[in-house]
2 protein chains.
Amino acid sequence: MNNLNFKHLYYFWVVAQEGSMTRAAERLDLAIQTISGQLSLLERQLGKSLFAAQGRGLALTEAGRQALGYADQIFQLGDALVEALNSSDNENTLRLRVGISDGIPKLLAYRLLSSVYKMPLDVRLICDEGEFETLLADLALHRLDVVLTDRPAPIGGNLKVFSKRLGDFATGIFGSVSLVDRTKAGFPQSLDGAPMLLPTRHNALRSRIDRWLEQNGVRPRIVGEFEDSALLNTFGREGLGLFTAPLALAEQIAEQLGAQALGAMNGVSEHIYAISNERRIRHPAVEVLCAASPQDETPAAV
Amino acid sequence: MNNLNFKHLYYFWVVAQEGSMTRAAERLDLAIQTISGQLSLLERQLGKSLFAAQGRGLALTEAGRQALGYADQIFQLGDALVEALNSSDNENTLRLRVGISDGIPKLLAYRLLSSVYKMPLDVRLICDEGEFETLLADLALHRLDVVLTDRPAPIGGNLKVFSKRLGDFATGIFGSVSLVDRTKAGFPQSLDGAPMLLPTRHNALRSRIDRWLEQNGVRPRIVGEFEDSALLNTFGREGLGLFTAPLALAEQIAEQLGAQALGAMNGVSEHIYAISNERRIRHPAVEVLCAASPQDETPAAV
DNA sequence: ACCAACACTTCGGTTTTATCGGACAAAAAC
DNA sequence: GTTTTTGTCCGATAAAACCGAAGTGTTGGT
């Protein structure tokens with residue numbers, strides 16, 4: 001419980017700025033007695049005195065100086081709030097602040113988010129990328145409305161969040177044309193010794209890929225590990241190695257990266273989760289996003 | 001004037017978190033009528049509705065969603081304030097947050113600040129370095145108590161600040177022993193063609209140096225320009241070129257940088273200013289700092 | 001289709017809080 | 001010493017926050 005009276009804090013802030021209760025009372029159009037009284041109430045509640053008598057004026061104590069720093073930020077935010085609400089550019093547009101975890105394919109994120117544009121409203125997407133933990137923290141602070149990631153939020157964490165699996169996407173192996181030609185015959189055995197780019201172990205998919213490779217008895221030459229899928233794709237486009245991607249994106253990958261599917265990794269699928277704040281009132285666009293039922297774009301196992 | 005009622009905002013914040021007025025009323029130990037009434041007052045004052053009726057519950061409007069983001073930060077700061085004040089480590093120590101402009105000699109800053117340690121109190125110095133403009137902004141936000149810099153604050157700026165000249169420091173030319181030996185004879189003519197390190201044009205001293213060089217008819221070879229004086233000193237210590245510094249620091253420069261004074265630059269002196277917030281109640285350590293009267297350590301002109 | 005349960009609003013009256021006038025104390029200026 | 005300035009204490013008053021009772025609209029069950 002926040003036992004801080006912001007009205008009192010505001011008076012304190014003005015007094016500190018003006019340098020005296022008298023001038024603060026003038027600026028606030030109040031009697032000095034009011035300021036004095038409310039200020040001593042604040043000090044009582046905080047358990048610290050904020051001003052010390054100095055001559056016939058006031059001096060800030062160290063506690064007061066610290067409080068002043070916070071008060072500054074607080075009332076600046078208050079002004080910003082009022083201003084943001086009065087700015088007219090947010091009349092008919094719905095803002096959706098999405099955090100996209102580094103590891104998940106950007107094209108997949110795009111496809112999943114496309115559902116929100118079908119809403120009968122102007123939607124402005126505000127995208128942010130970063131590490132899983134960072135994004136969760138931003139979610140808790142309401143800087144984000146939803147996070148798209150490859151794993152559910154840790155249960156029992158100190159953050160109250162809500163994870164919804166958006167879908168399973170069967171994974172395949174892709175590569176530039178030259179690479180694919182060389183390894184097409186005898187898949188998956190042909191992968192043995194072939195150059196390959198993989199996500200780092202931070203990615204939940206990575207362990208599934210490793211297991212699949214082991215079960216199929218192939219040991220590709222791992223030429224790179226990437227935290228960020230977009231970076232991985234760029235390297236893959238240049239023919240540096242084969243890489244994995246959702247089979248559902250085969251068409252776009254061919255168009256944008258000039259890479260073809262070599263084969264499916266049976267049993268390996270990427271799970272995408274939408275993590276949002278667990279409060280009853282959720283963002284309408286997040287509702288739409290989660291409502292897009294977990295339709296497996298391709299069955300997980302063949 | 002900040003026409004935002006933070007008490008109302010707090011109720012709004014709890015309602016948004018809990019998802020309903022009923023549950024918020026429970027958490028706040030208030031009747032639902034109160035919440036309802038205070039919330040509609042907030043909406044009236046802001047001129048926007050924050051909630052829209054949805055079914056028998058509530059839904060945040062876009063304005064409400066934006067407000068929620070601000071409220072989050074505001075009440076987090078409020079908690080932080082209370083916590084900071086209750087933490088015991090600030091009992092008998094006075095914190096002085098000083099911003100030191102890139103260009104001014106660090107040793108000079110140290111010497112000027114040493115006066116605050118003579119106060120009959122434990123003083124904890126918190127130093128920050130950076131660009132002039134950045135530091136001024138931090139000053140305005142009360143993240144700093146005073147800024148030490150080489151020029152007064154711009155008059156008529158939108159920030160209300162107070163500049164006090166702390167002193168004029170006659171400047172000389174210094175260099176590593178080998179360099180000084182080579183150019184000692186016939187100073188200042190011997191500077192012609194000598195390698196030299198100078199502050200960039202952002203430094204107020206630079207133009208005075210340039211004028212002095214011109215007036216004395218010497219054209220050194222400028223081998224480097226530095227924004228940061230500490231970096232300049234490091235290069236100077238390695239004998240890369242001659243450099244300028246306050247003559248008053250000759251002793252320390254000899255000790256710490258192994259450099260000797262070559263000669264004085266008559267008429268060139270570094271002005272150091274303390275810029276602080278213009279409010280009546282100033283930091284006691286800042287008072288002490290400014291009280292150290294503008295004693296010219298060496299007269300400006302010989 | 002109807003009724004009960006639920007969630008919020010509206011309208012008084014009551015309680016709490018904030019505010020101000022008057023009297024007072026302390027420091028500084030004269 | 002007197003006056004001026006600045007802040008504090010006390011009691012009355014104005015403003016706000018709060019709650020009980022009654023009312024509207026929505027949902028869900030039968």
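Within every chain, numbering begins at 1; the chains are lettered A, B, ... in the order of the sequence lines, protein sequences first and strands thereafter.
Taking the six-membered ring for Trp and thresholds of 30 and 60 degrees, A/F6 and B/F75 have ring planes more than 60 degrees apart, a perpendicular arrangement. The aromatic rings of A/W13 and A/Y10 sit tilted, their planes meeting at an angle between 30° and 60°.
Between the CD1 atom in B/I272 and the NZ atom in B/K164 there is a gap of 13.5 Å [rounded to 0.5 Å]. To the nearest 0.5 Å, atom CG of residue B/L9 and atom CG of residue B/L46 are 8.0 Å apart.
For the residue pair A/Q17 / A/R27, a side-chain donor-acceptor distance below 3.5 Å is found, with atom types taken as modelled.
For the pair B/R65 and B/E62, the salt-bridge criterion is met [side-chain N within less than 4.0 Å of a carboxylate O].
Using a 4.0 Å heavy-atom criterion, one finds that B/F51 contacts no nucleic acid atom at all.
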*Annotated protein contacts, base or backbone, on nucleotides 3-10 of chain C with a non-hydrogen cut-off under 4.0 Å, one of B, S, - each*: --BBSBSB
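Here the nucleotide nearest the side chain of A/T34, chosen from D/dC19, C/dC20, C/dA18, is C/dC20.
Under 4.0 angstrom from either OP1 or OP2 of D/dA17 there lies no side-chain N or O belonging to B/Y10. For the OP1/OP2 pair of C/dA18 and a distance below 4.0 Å, the side-chain nitrogens and oxygens of A/N5 include at least one atom meeting the criterion. Residue B/H8 has no polar side-chain atom (N or O) positioned under 4.0 Å from OP1 or OP2 of D/dA16.
Of the candidates B/R282, B/E287, B/H283, B/R282 is the only one forming a side-chain hydrogen bond (donor to acceptor under 3.5 Å, both in side chains) with B/S276.
Note on the helix from C/dA1-D/dT30 to C/dC30-D/dG1: terminal axis deviation equals 30°, with five pairs used at each end and the result rounded to 10°.
Protein atom CG of A/D29 is 11 Å distant from nucleotide atom P of C/dT19, rounded to whole Å. Distance, B/Q38 CD to C/dC11 P: 16 Å, rounded to whole Å. For the pair A/L42 CG and C/dT17 C1', the computed distance is 15 Å after rounding to whole Å. Rounded to an integer number of Å, the gap from A/L30 CG to C/dA18 P is 12 Å.
For A/E43, there are no side chain to side chain donor-acceptor pair (under 3.5 Å) partners at least two apart in sequence or on another chain.
Taking the ring axis of A/F132 as reference, the NZ or CZ atom of A/R151 stays within 45° of it and closer than 6.0 Å to the ring centre.
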